Asker: 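Sharing a structure, written as structure tokens. Questions coming.
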Amino acid sequence: MVSKRFGWIVSLLLVTVLVLTACGTRPVPSTSQGEKTSPQEFLIELPRITVNIDEQGTPTVMGMSLADLAKLTGSPMAPLQLTPEQVTQFQANNIQHIELLHRGDGLYLFVNSKALPYVKWDQNTLQNAAKMLQTFDPQVNGMHLAEWIPSLLPMVRSVGLDLVFMIPVKAGATKIEVRPEDQEPPAPAADGAQLPAAAVVQLPIVYDAAGAPQVIGRGGQMFRPDAAALAQMGLTNLPIYLTPDTIQSLMRSNVQFITIQSSSAGLQVSVNNDPLPLIGWGEAELANALELAKGTGSVDPAALDLVAKFAPFIANLDLTIYMEFPLAKGAEQIQPATSK
């Protein structure tokens, strides 16, 4: 099942390797970021691949259509096909190209050459993410991710791929140049270069077996939010209550606590002190995401205007949410790491 679902990706890589043999020397997305690699290690670093989308949503790669690629590789290419309506929507929002850059250190997205929030990883955080997927065993279209994630994990940091999807430019629009291939993607600022926090918020929450939260105050005093009072204030949708089934699932998986930290570098989630890949951003990436959301109309304009006003504040907010869950019988308690 896995080979069928991902065969088109592998096939596209193989075709690209063949057609690029005639190309000159061009920058490739690095997978090592300065680390030494061994000839025995799996490694793919390809120059930028441009996928041209026509008005009907049909993509071509190096002049080959989906039908040509499917015949050549024997794998379906349908995931790359767009509808004419989708192309029209892109044009209405003046989205001329979308770039997906995959490197050994993360996944980056650019729309009209503007960077959006990205995912930053290393071997440790990828392994932690794989462990969490195996623990919770999520499914996508009936496929258990835990069955194939471990086998794909070693390949994630060994593939350098830069895909640019070119959308037909609407009449009268000024052409926007694609990001230079040798331009480095965004990265979190070094600790000493990060901006001072606009505000510091710490929210430690302890859950009981029923999923009811309690907030830890000064001196260890506990405050239990009253559901009726929250309802009277119109705060019934606050995602602070969990179901007993969710608590039991966390206990079975020995998830004792989850920490969510937001800073000027991005959003860091840790499970039992094990950090997951960072969702990185800076003020520029958040501003670009807001601009894109406004243009597409995918979010309520009033809500976007409110978020835009507080965007610089949100980008530099030092927020820590600590969620502690009941300890399963016989489990050894894990002590939370010292806060930064």
Side-chain angles (χ1 to χ4, degrees), residues 1-2 119-154 156-157 200-231 235-263 265-280 318-340:
M1 178 181 293
V2 174
V119 181
K120 189 86 169 175
W121 58 55
D122 57 24
Q123 191 67 20
N124 181 49
T125 56
L126 281 176
Q127 288 176 340
N128 294 338
K131 183 168 63 175
M132 286 300 99
L133 286 172
Q134 288 180 292
T135 296
F136 294 106
D137 192 22
Q139 299 183 38
V140 176
N141 296 328
M143 181 175 61
H144 292 266
L145 300 186
E147 294 178 358
W148 53 268
I149 283 293
S151 60
L152 286 182
L153 178 63
V156 170
R157 297 190 66 228
V200 178
V201 179
Q202 294 186 181
L203 185 61
I205 304 174
V206 176
Y207 287 89
D208 61 20
Q214 295 185 92
V215 178
I216 307 175
R218 283 281 186 179
Q221 294 181 339
M222 306 294 284
F223 164 72
R224 183 184 295 273
D226 184 78
L230 291 176
L235 302 177
T236 54
N237 294 324
L238 283 179
I240 59 174
Y241 288 87
L242 301 178
T243 66
D245 288 343
T246 299
I247 295 296
Q248 289 300 315
S249 176
L250 292 167
M251 293 172 63
R252 285 194 300 270
S253 303
N254 195 34
V255 176
Q256 299 184 18
F257 52 88
I258 296 175
T259 306
I260 303 173
Q261 293 179 305
S262 175
S263 68
L267 188 69
Q268 180 72 69
V269 178
S270 300
V271 179
N272 291 352
N273 294 327
D274 294 331
L276 303 181
L278 171 77
I279 301 176
D318 188 343
L319 170 67
T320 301
I321 300 176
Y322 169 82
M323 298 177 290
E324 184 178 298
F325 311 105
L327 193 65
K329 185 177 180 180
E332 183 177 348
Q333 187 170 12
I334 302 171
Q335 295 297 326
T338 304
S339 177
K340 59 182 178 64

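Just so you know, these numbers come straight off a predicted model, no measurement behind them. Below, each value reflects all heavy atoms present in this structure, side chains not excepted, and no hydrogens, waters or symmetry copies.
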Asker: Quick one: closest heavy-atom pair of Ala331 and Asn254, and the distance?
Answerer: CB-OD1, 3.6 Å
Asker: What's the shortest heavy-atom distance between Leu267 and Ser262, and which atoms?
Answerer: CD1-CB, 3.9 Å
Asker: Centre-to-centre under 6.0 Å for Phe257 and Tyr322, is that the case here?
Answerer: yes
Asker: Looking just at side-chain N and O atoms, do Thr243 and Thr246 make a donor-acceptor pair shorter than 3.5 Å?
Answerer: yes
Asker: Between the side chain of Asp318 and the main-chain N/O of Ser263, is any donor-acceptor distance below 3.5 Å?
Answerer: no
Asker: When rounded to the nearest 0.5 angstrom, what distance separates CG in Leu327 from CG in Leu250?
Answerer: 12.5 Å
Asker: Which atom pair, heavy atoms only, marks the closest approach of Val119 to Pro277?
Answerer: CG1-CB, 3.8 Å
Asker: Go through the steps to decide whether Thr259 and Val269 satisfy the test side chain to side chain contact (heavy atoms under 4.5 Å, CB included), and finish with yes or no.
Answerer: CA-CA 6 Å; Thr259 306; Val269 178; over 6 Å; no
Asker: Find out whether Leu242 and Phe325 are in side-chain contact, i.e. whether some heavy atom of one side chain is under 4.5 Å from a heavy atom of the other.
Answerer: yes
Asker: Can you name the closest pair of heavy atoms from Pro326 and Met251 and give their distance?
Answerer: O-CG, 3.3 Å
Asker: Using distance alone, with no hydrogens and no angle criterion, decide if Thr125 and Asp122 have a side-chain donor and acceptor under 3.5 Å apart.
Answerer: yes
Asker: Any donor-acceptor pair under 3.5 Å linking the side chain of Asn128 with the backbone of Pro275?
Answerer: yes
Asker: Let me confirm one number: the CG-CD1 distance from Asp208 to Ile247, rounded to the nearest 0.5 Å.
Answerer: 7.5 Å
Asker: Could you tell me whether the side chain of Gln214 reaches within less than 4.5 Å of the side chain of Tyr207, counting heavy atoms only?
Answerer: no
Asker: Could you tell me if the side chain of Glu324 sits less than 4.5 Å from the side chain of Ile205, heavy atoms only?
Answerer: no
Asker: State the NZ-OG distance between Lys131 and Ser253, to the nearest 0.5 angstrom.
Answerer: 11.5 Å
Asker: Is any side-chain heavy atom of Ile321 less than 4.5 Å from a side-chain heavy atom of Leu319?
Answerer: yes
Asker: Could you point out which residue of Gln333, Gln335, Glu332 forms a side-chain contact (heavy atoms from CB on, under 4.5 Å) with Gln256?
Answerer: Gln333
Asker: If we only count heavy atoms from C-beta on, is the Asp274 to Met132 side-chain gap below 4.5 Å?
Answerer: no
Asker: Could you grab the distance from atom NZ of Lys120 to atom CD of Gln268, nearest 0.5 Å is fine?
Answerer: 12.5 Å
